[in-house]
Every structure is written in C-alpha cells, then in structure tokens.
J.: 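I have a structure here, written as structure tokens, and I will follow up with some questions on it.
The analysis underlying the following values was restricted to heavy atoms, covering all of them including side chains, and did not include hydrogens, waters or symmetry mates. The model shown is predicted, which means the values in this text are computed figures rather than measured ones.
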Amino acid sequence: MWKRLAPQTRRQRQVAGLLAVAFFFVPLVFALAQTWHRFADTFGTTDIRVLRLVGMDSVPAADSPRFRTALAAFTQTTMEPGHRVDLLVDGPATMARLDQDLRAATRSIAVQNYYCEPGAVTEWLKTRLAERARAGVAVYFLRDGFGCNALTRGWMDSLRAAGAGVATLRPVRWWAMHESMHRSHVRIVTIDGRVGYVGGFGFADKWISHDGEPSWRETAVRFTGPAVSQLVGAFAIGWANATGDLLTGEFPADVPVAAAESGAVAGVMFTQRAFGTSVPERFLALALAGARRRVYITNSYFVPNRGLREWLVAAARRGVDVRVLVPSRKIDIPFSHWAARSTFSELLAGGVRIYEYRPAMMHAKTILVDETFVSVGSLNLDNLSLRINDEAVLQVQDHALADAMAEQFARDLAQSVEVTPSLLSHRGLYERGMTLLARLMRNLM
C-alpha cells in the first residue's frame, strides 16, 4: 500500500510545488513589469532645462497677449476672449451649481471623471443623469477604469436603462498592462455645449464630508464661452478612445465662432501621455519664466521633478514671490506627503515659501501668476500628471478671477503652517526614514 501511494504523493508534491512557485513568481513578475513600465514612461521623456530667447528680450509676461501666442505654440492651447468664469470652492459649492445646470439641460450632458465611489453623491448623480436621459437629453457618462472601478454594474446598468451612454476608459486588465499606467485623470462636465466644468472634484461623499472632518478643500471652475467647445472635444476624444465612436453630429457644441471681445480670455489645455517633452512641462516652464511679481501654487500631490524645482527656484531668485500650498499629513496618500517633503530643503534654500494646509485634505490644483493668469484643473505637479495621465486644465487671463483666487489663497494660508528649515530639522527618525525612502522613489510617482 505504501509503495502504491508514494509515487502519487510525489506527483502531488511536484504539482503543489509548481503551483506555489507560480503563485509567488507570477505576481512578482507582473509587479516588476508594471514598475519597469512606469520607469520607462517617466524617464523616457525629455527634460526641459533651458529656455532660450530667440528674437526677443525676455520671456513674454504671463499677463500679456504675447504669452497667449507662446502658449498656443507650445501647448496647442488656444485662448480667446468672451468667457465668464466662476470660481467654485469646495465640493458642496461645485455640486450645488452643477445640480442646477444638470436640471436645466435640454440637449446634451457629458460627464467624464477619474474618481467615483458608491454613496450619496453618486446616487444623486445617477438620479439626475437618468432624469435628463428620460427627458430626451443626450447623456454620456465616461468613467476611468481604475479610479471609478468601485461603481457597480447595477449603477451603470440603471443609467443605460434610462437611455444614457455609459463607457469605461482603459479598464485595468492584466493583459493590457501597457494601458494600466496611463489613467484618464480628467474631471469634465459639459452641458448643452454651452457650460463647462473642470477642477479636481470627484463623485464621492468625501468631497462633501469625510469621517466628521471638514470637506476636502477643492477648487473648480464653471465657465461659458468658446472654450466649452474645446472641453467637448476633450470629452469626445476620451469617448472615442473608450468605445471607438467619435461623437460629432449627435453631440453638438454650437458655441458661436465669433466670440465677443469682452469677458475673460480662456482656453482648455488637454494633455495626454508624453513622448519627448510633455505639454504640462512646456506650460510650466513658460509660465514660471513669464512670472514678474508672484506665483501662488496650490497642489494636492506636489512632487516636483528636477526641471520644475529649478524653474521655481529661478523665479524666486529673480525676486518673484513664489509660494506653494500643499496638504499636511491629512493626505489620502501618505507616501506623497513624504515625497513632497523630500524636495522641500532644495526649494526653501532657493527662496520658495511652502505651506501645509492643516484643517483637511487639500485637493485643489491651481496656479496664479501675477495679476491676471489663473490655471485650474486636474493637473497634479508630479510625474504621473506631468508625463503620463490625461489631464484637463482651464487657462485664464482675467483680473476678477485672479483677484478671487488670490483672496482664496490668503484664506487658505491663514489655516496653514509655513514649512521652515527649522521645522524640517526637528523630524523624528521615522519621518527621516520615510522621507529618504520617498526621495529614492519620487520620480515614479
């Protein structure tokens, strides 16, 4: 009996051993391949190190018409007059205004978002979109396959049953690893081709409240004018990438071609994966070199690469008031906090002032340059956003919006703590260790 069972036991052990090896090594190989893919994407681009002046005395000031011309040449972002831009601070303000516009939609609604979670906010969104679809409005909802993966099949099926178009962009699949790292990080809403929204907001309850803490500090803009057609185009690109359907006649964006010579000058900067130099880095190099008086940056995942650090320091050494507002430890990705702090000593030594927002998670992504230039959208200042992800940003030249942004920045600084060399020097052993580890990995973030 024992002789009969022994070969069978050996075979079972051999099979079990092979399964154990596969169970261990397959995920390891997959993880290493993902890491290498991220490494190749991040380091496969070309750094912008120098802005050379050709036929001009200086880089165009960010407030000037020449800056708009340069921005169009470097980033394909066309800025035109004729816009009204409303600053929306925090999720409740954004959702309340959005609810009014969704209710008033008569022809079309397009919603694309990176982040969604089941809860009261997504139930509200589903209800409102389904209502408009049943009323004959052409409704399209496009979710990112990673950030909105928590939405259930039932949630999406209920929208389809109401007549809405629903799609997923770049689902996470092991056999499509080359797509998995390239997320669509945009937040886009267009209504009737006449109203647009961009910002950092997602559709989740934490944008309203979060474990009893204050709402996430968020910034978005609602705008009307010619740039809405650009936002519609950005959505149409995402929809085509997800479904193969290019929305044209069925999804009109009938903004008048001849814009009024009044209102804010604005344009949408839509960015995708970079080969060579990236659109966001070309924009930042131009904007920071064009700053004359002030640069106020608020960013949720601030992990600036070498080029961006050099541009910030160069502006500060020219006498520009450069200030950066970032989250404190109340951040949803703690490693980003340590990665950001690993760059602070260099920036502080170069004259950049840095603040950490204390009341809640700071999730806004805004830039204010001088007296009129404002940038609001989904762009984080890390390599993922700068070089890999899809992003949508509204670029604006407008005194009123810049004044409102400066006032909000001052309110946020009043609730923040300035980071100083002394503060950094009093870190404990754990903080120093995490900062060192983050320093080694920050270019992959």
J.: Going by an N to O cut-off under 4.0 Å, is there a salt bridge joining E356 and R341?
T.: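 R341 and E356: salt-bridged.
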
J.: Can Q100 and R103 be counted as having a side-chain donor-acceptor contact under 3.5 angstrom?
T.: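 No - no donor-acceptor pair under 3.5 Å links their side chains.
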
J.: Please check if the side chain of Y115 supplies one atom and the backbone of H185 the other of a donor-acceptor pair under 3.5 Å.
T.: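 Answer holds: no.
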
J.: Would a 4.5 Å heavy-atom cut-off, applied to side chains only, mark L312 and I297 as touching?
T.: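 Answer yes - side chains close enough.
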
J.: Go through L325 and F409 one step at a time and tell me if the side-chain contact (heavy atoms from CB on, under 4.5 Å) criterion holds.
T.: CA-CA 8 Å; L325 176 61; F409 192 77; 3.9 Å; yes

J.: Indicate the atoms forming the closest heavy-atom contact of G196 with L231, along with that distance.
T.: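 It is CA-CD2, 3.9 Å.
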
J.: Can a salt bridge be assigned to the pair R353 and D321 using a cut-off of 4.0 Å between side-chain N and carboxylate O?
T.: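 Looking at R353 and D321, the cut-off is not met.
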
J.: Taking the six-membered ring where the residue is Trp, are the ring centres of F283 and F74 under 6.0 Å apart?
T.: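 Not close enough - the centres of the two rings lie 6.0 Å or further apart.
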
J.: What is the distance from atom CG of L401 to atom CZ of F373, rounded to the nearest 0.5 Å?
T.: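 Atom-to-atom, L401:CG and F373:CZ are 10.5 Å apart.
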
J.: With a 4.5 Å limit on heavy-atom distance, are the side chains of L169 and R143 in contact?
T.: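 Heavy-atom side-chain distance check fails, nothing below 4.5 Å.
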
J.: Between D205 (side chain only) and V121 (backbone N and O only), is there a donor and an acceptor less than 3.5 Å apart?
T.: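 Yes.
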
J.: What are the two closest heavy atoms between K126 and E123, and how far apart are they?
T.: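 Residues K126 and E123, closest heavy atoms: NZ-OE1, 3.1 Å.
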
J.: Looking at every non-hydrogen atom in both residues, tell me the closest pair between S300 and M361 and how far apart they are.
T.: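 Distance-wise, the nearest heavy atoms are CB-CE, 4.0 Å.
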
J.: Is it the case that the side chains of R323 and Y355 hold a donor-acceptor pair, with the cut-off being a distance below 3.5 Å and no angle test?
T.: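 Yes - a donor-acceptor pair under 3.5 Å links their side chains.
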
J.: Using 4.0 Å as the upper bound for N to carboxylate O, is an ion pair formed by R294 and D370?
T.: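 Result for this pair is no, no salt bridge flagged.
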
J.: Is it the case that the side chain of R68 and the backbone of Q397 share a donor-acceptor pair, with hydrogens and angles ignored and the cut-off at 3.5 Å?
T.: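 Here the side-chain-to-backbone pair does not exist.
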
J.: Once you round to the nearest 0.5 Å, how far does CD1 of I188 lie from CG of N113?
T.: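 Separation between the atoms: 9.5 Å.
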
J.: Looking at every heavy atom in both A61 and S64, which two are closest together, and how far apart are they?
T.: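 Scanning both residues completely, I find the closest heavy atoms to be O-OG, 2.7 Å.
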
J.: Got a second to check how far L413's CG is from E418's CD, nearest 0.5 Å?
T.: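 Answer rounded to 0.5 Å: 8.5 Å.
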
J.: For the pair K206 (side chain) and W216 (backbone), establish whether a donor and an acceptor sit closer than 3.5 Å, ignoring hydrogens and angles.
T.: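 It does not hold such a pair.
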
J.: Which atoms form the tightest heavy-atom contact between A340 and V303, and what is the distance?
T.: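 That closest heavy-atom pairing would be N-CG2, 4.3 Å.
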
J.: Please confirm whether F141 and W239 have ring centers closer than 6.0 angstrom.
T.: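 Aromatic pair excluded; centres sit 6.0 Å or further apart.
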
J.: Given side chains that start at C-beta, do those of E218 and M362 come closer than 4.5 Å, heavy atoms only?
T.: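 Not in contact.
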
J.: Within the distance-only criterion (no hydrogens, no angle test), does the side chain of R293 pair as donor or acceptor with the backbone N or O of E371 below 3.5 angstrom?
T.: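 Not confirmed, R293 side chain does not pair with E371 backbone.
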
J.: Do Y301 and S336 have side chains that get closer than 4.5 Å, going by heavy atoms?
T.: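 In contact.
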
J.: With T271, which of Q76, E391, E281 fulfils side-chain contact (heavy atoms from CB on, under 4.5 Å)?
T.: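 The option that passes is E391.
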
J.: Could you give the distance from CD (E131) to CG (L102), rounded to the nearest 0.5 Å?
T.: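 Rounded to the nearest 0.5 Å, the CD-CG separation comes to 10.0 Å.
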
J.: Side chain of T168, backbone of P171: donor and acceptor closer than 3.5 Å?
T.: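 Such a contact is absent between T168 side chain and P171 backbone.
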
J.: Under 3.5 Å, side chain of T122 to main-chain N/O of E117, donor-acceptor pair present?
T.: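 It does hold such a pair.
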
J.: Within the 3.5 Å criterion, strictly below it, is a donor on T78 or Q230 matched to an acceptor on the partner's side chain?
T.: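 No.
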
J.: Between W207 and H363, how do the two ring planes meet: parallel, tilted or perpendicular, split at 30° and 60°?
T.: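 Perpendicular.
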
J.: In plain terms, say whether D86 and R84 are close enough for a salt bridge, that is, a side-chain N and a carboxylate O under 4.0 Å apart.
T.: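 Yes.
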
J.: Do the side chains of L284 and L308 get nearer than 4.5 Å, heavy atoms only?
T.: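 They are in side-chain contact.
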
J.: Give a yes or no answer on whether the side chain of S229 reaches the backbone of P226 with a donor-acceptor pair at less than 3.5 Å.
T.: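 Between the backbone of P226 and the side chain of S229 there is a qualifying donor-acceptor contact (under 3.5 Å).
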
J.: Kindly indicate whether the side chain of L98, heavy atoms from C-beta on, has any atom under 4.5 Å from the side chain of Y197.
T.: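 Yes. Closest side-chain heavy atoms under 4.5 Å.
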
J.: Can we say R170 and D144 salt-bridge, meaning some charged N sits less than 4.0 Å from an Asp/Glu carboxylate O?
T.: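 Salt bridge absent between R170 and D144.
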
J.: Salt bridge or not between R128 and D99? Use side-chain N to carboxylate O under 4.0 Å.
T.: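 Result for this pair is yes, salt bridge flagged.
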
J.: Are I354 and L347 side-chain neighbours, meaning at least one heavy-atom pair lies under 4.5 Å?
T.: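 Sidechains of L347 and I354: in contact.
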
J.: Say whether, by atom type as modelled, one donor and one acceptor occur between the side chain of T94 and the main chain of D90 under 3.5 angstrom.
T.: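 Yes, because the side chain of T94 sits within donor-acceptor range (under 3.5 Å) of the backbone of D90.
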
J.: So which atom in L142 and which in A242 form the shortest heavy-atom distance, rounded to 0.1 Å?
T.: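 Looking at all heavy atoms of both residues, the closest pair is CD1-CB, 3.7 Å.
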
